[in-house]
Amino acid sequence: MNSFEIRKKFFDFFEQNNHTYVKSSSLIPAQDPTLLFTNAGMNQFKDLFLSKEKRSYTRAVSIQKCIRAGGKHNDLENVGFTKRHLTFFEMMGNFSFSDYFKNEAINYAWDFLTKWLNLPKEKLYASVYHKDDESYEIWNKSIGLPDNRIYRLGEADNFWQMGDTGPCGPCSEIYIDRGNNFGCQESKCAPGCNCDRFLEIWNLVFMQYDRQVDGELKPLKSTGVDTGMGLERLCSIIQNKDSVYETDLFMPIINKIEELTRIEYNNSLDNIK
């Protein structure tokens, strides 16, 4: 399945579930002095989560162009050292504004991954914020994920916010186990490890708070959902590629560079031939 087909399936799935398609916004956030570049799909919906704006829809789906090369979410230092990090990438996301919450968000994600993309259920893992018993119960009781494939992680892994201030909340991440060949070979390797074995593919953020300048978490007037899934990472899984750079999103560019430079690309990323 190529990247165009994956995009279409994503939009089709959520549009069939009453989500309105919203096109990617500019990489330069409009009227938001807290960000230099758009770093997440929810940036253009910030005022909706803060109840400062109303639109004709309460559910949305988008694939947002993002840059993470500084600020709170900086992936620059990881590029070239892992097989999954990029500074520019496209974030697939579904959103709820005072509509559905944790149960629907988790079930939508599971259905899309396992029924529409046919990812193997036995290789999927979930993490939840360590204080979020509700999400844990949904994964365990509603989805049927066994206890040993649900991990409780701390704020660094499972509490998300776009910047130092603004809408935020606990999150639940979905990982796929790529096997020992991708791992750090540690016996305790698990979701949350920095190696490439357990690849995080989707982050489901449950918007509940507005982080103030002094760090206070002020409850939002109404809850919402903000999810983000890297298109490039998903393509690497669907296309059975070791690295995001080997997908059809990058290889045509790499092939042209090989042709022009007469230098062969080495997919180990360690060096070039």
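For this chain, numbers begin at 1 and follow the sequence in order.
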The side-chain hydrogen bond (donor to acceptor under 3.5 Å, both in side chains) partner of Gln239 among Asp248, Thr247, Asn2 is Asp248
Take Arg178 and Asp196 through the test salt bridge (Lys or Arg N to Asp or Glu O under 4.0 Å) and record every step on the way to the result.
-> CA-CA 8 Å; Arg178 306 202 72 185; Asp196 285 312; over 6 Å; no
Could you check Asp132, Asn158, Asp157, Asn203 and say which one makes a side-chain hydrogen bond (donor to acceptor under 3.5 Å, both in side chains) with Ser127?
-> Asn158
Side-chain donor or acceptor of Arg233 paired with backbone N/O of Glu200 under 3.5 Å = yes
What closest approach, in Å, do Tyr209 and Pro170 show between heavy atoms, and which atom pair accounts for it?
-> CE1-CD, 4.3 Å
Under 3.5 Å, is there a donor-acceptor pair between the Glu104 and Ser96 side chains?
-> no
What is the distance from atom OG of Ser51 to atom NZ of Lys221, rounded to the nearest 0.5 Å?
-> 6.0 Å
What is the minimum heavy-atom distance between Trp139 and Ser172, and which atoms define it?
-> NE1-OG, 2.7 Å
Is any side-chain heavy atom of Thr34 less than 4.5 Å from a side-chain heavy atom of Thr165?
-> yes
Pairwise distance CD(Glu246) to CZ(Phe250) - rounded to 0.5 angstrom = 11.5 Å
Plane angle bin for Phe112 and Trp202 - parallel if under 30°, tilted between 30 and 60°, otherwise perpendicular | perpendicular
Check whether any side-chain heavy atom of Glu137 sits under 4.5 Å from a side-chain heavy atom of Lys102, and report yes or no.
-> no
Ser26 side chain vs Pro29 backbone, donor-acceptor pair below 3.5 Å | no
Test side chain to side chain contact (heavy atoms under 4.5 Å, CB included) on Leu117 and Leu234 and set out the steps.
-> CA-CA 10 Å; Leu117 297 183; Leu234 187 60; 3.8 Å; yes
Can you get from Leu124 to Leu153 by hopping between Ile, Leu, Val, Met, Phe, Trp and Tyr side chains that sit under 4.5 Å apart?
-> no
For Thr227 and Asn94, indicate whether the former's side chain and the latter's backbone hold a donor-acceptor pair under 3.5 Å.
-> yes
Do Leu145 and Tyr129 belong to the same hydrophobic cluster, where Ile, Leu, Val, Met, Phe, Trp and Tyr are linked whenever their side-chain heavy atoms lie under 4.5 Å apart, directly or via other members?
-> no
Checking side chain to side chain contact (heavy atoms under 4.5 Å, CB included) for the pair Asp164/Arg211: CA distance, chi angles, key distance, verdict?
-> CA-CA 7 Å; Asp164 292 329; Arg211 177 84 72 178; over 6 Å; no
Should Phe37 and Ile28 count as side-chain neighbours, where that means a heavy-atom distance under 4.5 Å?
-> yes
For Leu204, which of Val128, Val225, Ile106, Asp226 qualifies under side-chain contact (heavy atoms from CB on, under 4.5 Å)?
-> Ile106
Is it true that a side-chain atom of Asn43 and a backbone atom of Asn39 form a donor plus acceptor pair closer than 3.5 Å?
-> yes
May I ask you to test the Leu217-Phe159 pair for a side-chain heavy-atom distance under 4.5 Å?
-> yes
Strictly by modelled atom types, are Gln64 and Ser24 linked by a side-chain donor-acceptor pair under 3.5 Å?
-> yes
Cluster question for you: counting only ILVMFWY and a side-chain heavy-atom cut-off of under 4.5 Å, with indirect links fine, are Ile237 and Phe182 together?
-> no
Show your reasoning for whether side chain to side chain contact (heavy atoms under 4.5 Å, CB included) applies to Met42 and Leu48.
-> CA-CA 9 Å; Met42 59 78 61; Leu48 285 172; over 6 Å; no
Tyr136 six-ring centre to Arg152 NZ/CZ under 6.0 Å and within 45° of normal | yes
Look only at the side chain of Glu90 and the backbone of Met229, and say whether a donor-acceptor pair between them is shorter than 3.5 Å.
-> no
Just checking, is any N or O donor in the side chain of Asp147 or Asn140 under 3.5 Å from an acceptor N or O on the other one?
-> yes
Check whether any side-chain heavy atom of Trp160 lies under 4.5 Å from a side-chain heavy atom of Cys168, and answer yes or no.
-> no
Separation between CD (Glu232) and NE2 (His85), nearest 0.5 Å, reads 12.0 Å
Trp116, Leu119: one ILVMFWY side-chain cluster at the under-4.5 Å cut-off?
-> yes
Evaluate the side-chain proximity of Phe198 to Cys189: yes if any heavy-atom separation is below 4.5 Å, no if none is.
-> yes
Side chains of Asp177 and Arg197: does their closest heavy-atom pair fall under 4.5 Å?
-> yes
Return the minimal non-hydrogen interatomic distance between Met91 and Gly41, and the atom names on each side.
-> SD-N, 3.5 Å
Ala60 and Phe97 have their tightest heavy-atom pair at CB-CE1, 4.0 Å
What is the distance from atom CZ of Phe101 to atom CD1 of Ile138, rounded to the nearest 0.5 Å?
-> 9.0 Å
Of all heavy-atom pairs linking Ile6 and Met1, the shortest is CG1-SD, 3.5 Å
Do the non-hydrogen side-chain atoms of Leu260 and Ile257 ever get within less than 4.5 Å of each other?
-> no
Supply the atom-to-atom distance Met207 CE to Ser222 OG, rounded to the nearest 0.5 angstrom.
-> 12.0 Å
Flag for Tyr57-Arg59: side-chain donor and acceptor within less than 3.5 Å = no
Check whether the side chains of Tyr175 and Glu173 place a donor and an acceptor atom closer than 3.5 Å, and report yes or no.
-> yes
For residues Ile254 and Tyr245, report the shortest heavy-atom separation together with the two atoms involved.
-> CD1-O, 3.5 Å
Glu258 side-chain N/O to Tyr265 backbone N/O, donor-acceptor pair under 3.5 Å | yes
Dump the intermediate steps for salt bridge (Lys or Arg N to Asp or Glu O under 4.0 Å) on Glu5 and Lys8, then the final yes or no.
-> CA-CA 5 Å; Glu5 293 168 325; Lys8 186 176 186 307; over 6 Å; no
Quick one: CZ on Arg84 to CG on Leu199, what's the gap to the nearest 0.5 Å?
-> 7.0 Å
For the pair Arg68 and Thr87, evaluate side chain to side chain contact (heavy atoms under 4.5 Å, CB included) and give the outcome as yes or no after the intermediate values.
-> CA-CA 5 Å; Arg68 289 189 176 176; Thr87 49; 6.0 Å; no
Ring pair (Phe, Tyr, Trp, His ring centres under 6.0 Å) between Phe10 and Phe14: does it pass, once the steps are laid out?
-> CA-CA 7 Å; Phe10 185 72; Phe14 281 104; 5.1 Å; yes
Give the ring-plane orientation class for Phe45 versus Phe95, where under 30° counts as parallel, over 60° as perpendicular and anything between as tilted.
-> tilted
Indicate, with yes or no, if Ile174 and Ile143 share a hydrophobic cluster defined by side-chain heavy-atom contacts under 4.5 Å among Ile, Leu, Val, Met, Phe, Trp and Tyr.
-> yes
Relative to each other, are the rings of Tyr125 and Tyr151 parallel, tilted or perpendicular (30° and 60° limits)?
-> tilted
Decide if the gap between the ring center of Tyr108 and the ring center of Tyr100 is smaller than 6.0 angstrom.
-> yes
